[in-house]
There are 2 protein chains.
Amino acid sequence: MPVNDQAAPGRVGDVRRRNLSLVMDSIARTGDAKPSRAQLAAGTGLTKAAVSSLVADLVESGLVSEVGLYRDGERGRPGQGLELSSRRGVVGMEINVDYLAVGLVDLGGNLRFHSTVESRNRGLAPEKVMERLAGLAAEAIAAAAAADISILGGGLAVPGLVDEQRNLVLSAPNLHWEHEELNPRALLEGAPLGVRLSNEANSAALGELWYGHGQPDFLYVSGEVGVGGGVIIGSELYTGPGGSAGELGHIVVHPDGPSCSCGGTGCLETFAGQEAIFEAAGIPEGSLGVRTQLLLAALAAGEPQATQAVHDAGRYLGVALASSARLMDIEAVVLGGHFAVLAEWLRPALLGSLARYAPGLLHPENLTVSSLEHSGTLLGAAGQVIRSVIESPFEFLLASKLA
Amino acid sequence: MPVNDQAAPGRVGDVRRRNLSLVMDSIARTGDAKPSRAQLAAGTGLTKAAVSSLVADLVESGLVSEVGLYRDGERGRPGQGLELSSRRGVVGMEINVDYLAVGLVDLGGNLRFHSTVESRNRGLAPEKVMERLAGLAAEAIAAAAAADISILGGGLAVPGLVDEQRNLVLSAPNLHWEHEELNPRALLEGAPLGVRLSNEANSAALGELWYGHGQPDFLYVSGEVGVGGGVIIGSELYTGPGGSAGELGHIVVHPDGPSCSCGGTGCLETFAGQEAIFEAAGIPEGSLGVRTQLLLAALAAGEPQATQAVHDAGRYLGVALASSARLMDIEAVVLGGHFAVLAEWLRPALLGSLARYAPGLLHPENLTVSSLEHSGTLLGAAGQVIRSVIESPFEFLLASKLA
């Protein structure tokens, strides 16, 4: 809702703050349509003069750029289209058990640079891992410089519970990290918005919401060494009262199942995590890429042990999704990570399991595979910073001393 | 936040609407403290004149009553205390598999009359059950008349999924009802707010929120023939995108478990529902009251089959709660229905199970038994109507042609 400047004299700052958000959000929502100032005025209910003044600030700050000339329909003067700037970017970064990744995402959500390296991070000291990640971040910084993109900030996703405010990894069992303080800001020295720590599955779910699947309600399933989940309800991440919701990998799928790295028993992860599948399939130790290729080859050849391992993973994933659907009224699921890679082989057992444990609840057409492949987490980690700029451009202008 | 009448000329109705809610809510929150008009003005930021005028409307409508005279501290004139009227009430009603219940709840949340009768409703036609319930509702109406309480409306809770807007029971497997339309309004002819249909476990959870446990985040576990759940997050009922969340009884606790009335397999209800426990314990068929007494006697005598049955129920309840804690970040649980009755016998196995499946997540002291005994559902069903009056007194005044 637009806010009338006259309504609350003396609080012009607040009004401008809200109207900047309104205009910025309208430009972001319109996306490829690249609205003119006149269209923004019509869409927001603000006057054309107010829109022009707000847009001037956003353009000056570099958050919004003007693109070409075009006509609003048949009549009127040609207007300039507006879009979120492709010359401002955020670096998404991910630490996972077997790899590190960075990506450069511009404000429009385009992945402009992407690099992943295998890295056996389990049991490594956080400083060591952060050092390696800094090397990868330097590549993103160089790519940004080459493309004349100014970096506003970054997001760093890790496979564990985090305290974002204090830059703490509270618990990341698959890395063997407990209560480790990181210094993510050091990865992007001088970036005005710093670097924001987040959970990997939550970031991937948000990436899917903003740049992929896009439906307002779904459960994202993250398949890595660990199995994670991110619940999106009403286009918001459901975090729960303590911030640790979505631990799909630790739903109990068999009360007499194996012990889990979390200390629990019979968790989904013990049947459907990457390593659990490799082991059950009899794939020898090795790098993630090699093992994945071996597994896919075995599946393609109809090798029984591999087929059974993936069937079991699909079956138990179905048990966990059935329980999730009952408890949270989940009606759509997006599979990511190795569940996306293995979807073809996993899907029959998964659908059979859903029919057995939650008949009629999760329709097969609402069970989809992420289209973001391995960039969902990066996009989501960066996207959280981009969303904060879209929602609060005034704070960004203040931080940049432009307000 | 108070709204200034001058800010939006021509929309005085809206402002009055919001300020009536603000005053009504302040009186409700203050509860036993019975605030004076001056205290309300101080608490809301409204002027004393505005508060006096708003309170006059609320008193005239009968929603608020004045009680006694007392002094605000040492100085000033004595003021009259205000409270939600004890002469306005809402009838809470419950249809369950083995019984029917009604209760008369005044606006302050006091249960003024309560009656429960055993009634084997499974497989009975809804009209038949509603006819029986009407007899019970007549008792509540008579009790209200005797106590000079005017009935504003009612709430009717059923053990199934409902479409409140269309008075539909979508599915209540333990009653064998599928897509049945009810006419709850007929139970309380002439009540200005009609009768609102709701889910039993959700109503019990809300009853617990408003009149019992009172913490902002918890999972209420309803133990009847069916096992249900109501999730309260941030003092709101979590309903999920489609309104059917909280189906704790149909979380899968053993993938090779028995078939369930819901069509699923290995659901918690098949191990921990009332009838499942009676059967496993070897308690012969009979009325609910008699069976419960027999079970409690067997437990007290240390009879092994009964002990094992309750132990198993506790163990599997622990599995479902562990999975719920992982997915929704549940940190507190309130046990109701037969889980409350059996708590002493159930608790050791339940705690052992939580330690095994979700170590460190749900602390024993956060696992409590409902203090509302069998009235939680009634209080919650009525409470939803009471909350709607507290939140929107203006709409009530309009409906009563008092605005």
Side-chain angles (χ1 to χ4, degrees), chain A residues 4 7-8 161 171 215-219 229 231-234 238-257 259-260 262-268 315-316 318-332 353-361, chain B residues 4 6-8 171 215-219 229 231-234 238-257 259-260 262-268 315-316 318-332 353-361:
Chain A
N4 187 338
L161 292 179
S171 170
Q215 298 298 308
D217 305 298
F218 64 93
L219 166 62
V231 184
I232 303 289
I233 299 288
Y238 173 88
T239 57
S244 66
E247 289 286 343
L248 189 80
H250 303 285
I251 282 187
V252 182
V253 295
H254 199 305
D256 306 318
S259 298
C260 181
C262 74
T265 301
C267 299
L268 173 62
R315 175 178 181 230
Y316 286 114
V319 171
L321 294 181
S323 291
S324 304
R326 300 295 200 170
L327 188 65
M328 294 200 74
D329 192 24
I330 302 288
E331 292 169 353
S353 188
L354 286 171
R356 180 168 161 84
Y357 297 106
L361 279 198
Chain B
N4 186 337
Q6 286 89 288
S171 170
Q215 298 298 308
D217 306 296
F218 64 92
L219 167 61
V231 184
I232 302 290
I233 298 289
Y238 174 87
T239 58
S244 66
E247 290 285 342
L248 188 81
H250 303 284
I251 283 188
V252 183
V253 296
H254 199 305
D256 305 318
S259 298
C260 181
C262 75
T265 302
C267 300
L268 172 62
R315 176 179 180 227
Y316 286 114
V319 172
L321 294 180
S323 291
S324 304
R326 298 295 201 171
L327 188 64
M328 294 199 75
D329 192 24
I330 302 289
E331 291 169 354
S353 189
L354 286 170
R356 180 168 161 84
Y357 297 107
L361 279 198

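We use all heavy atoms of the structure for the numbers below, so side chains are in, but hydrogens, waters and symmetry mates are not.
- Heavy atoms closer than 4.5 Å to chain A are found in the side chain of B:Tyr238, but not in its backbone.
- Of all the listed residues (A:Gly263, A:Ser244, A:Ala325), the one sharing the greatest number of non-hydrogen pairs under 4.5 Å with chain B is A:Ser244.
- Most heavy-atom pairs under 4.5 Å with chain A: of the set B:Ser259, B:Pro241, B:Ser353, this distinction falls to B:Pro241.
- Here the closest non-hydrogen pair linking A:Ala245 and B:Leu327 is CB-O, 3.3 Å.
- Between the A:Ser323 side chain and the B:Val252 main chain, a donor and an acceptor come within less than 3.5 Å of each other.
- Of all the listed residues (A:Asp217, A:Leu361, A:Asp329, A:Ile330), the one sharing the greatest number of non-hydrogen pairs under 4.5 Å with chain B is A:Asp329.
- For B:Thr239, the part sitting under 4.5 Å from any heavy atom of chain A is the backbone (N, CA, C, O) and nothing else.
- Minimum heavy-atom separation, B:Tyr316 to A:Pro255: CE2-CG, 4.1 Å.
- Within the model, atoms SG of B:Cys267 and CZ of A:Arg326 stand 5.5 Å from one another, a figure rounded to the nearest 0.5 Å.
- Only the backbone of B:Val253 comes within contact range of chain A, with heavy atoms under 4.5 Å apart.
- Contacts between B:Cys260 and chain A at a heavy-atom distance below 4.5 Å are absent for every atom of the residue.
- Interface summary for chain A: among B:Gly264, B:Gly243, B:Gly360, B:Ala358, the most heavy-atom pairs under 4.5 angstrom belong to B:Gly264.
- Only the side chain of B:Ile233 comes within less than 4.5 Å of a heavy atom of chain A; its backbone N, CA, C and O stay farther away.
- Ranked by heavy-atom pairs shorter than 4.5 Å toward chain B, the options A:Val231, A:Leu268, A:Leu248, A:Asp256 are led by A:Asp256.
- Of the atoms belonging to B:Pro359, it is side-chain heavy atoms, and not backbone ones, that fall under 4.5 Å from chain A.
- Note on A:Glu247, A:His250, A:Met328: by heavy-atom pairs under 4.5 Å with chain B, the leading option is A:Met328.
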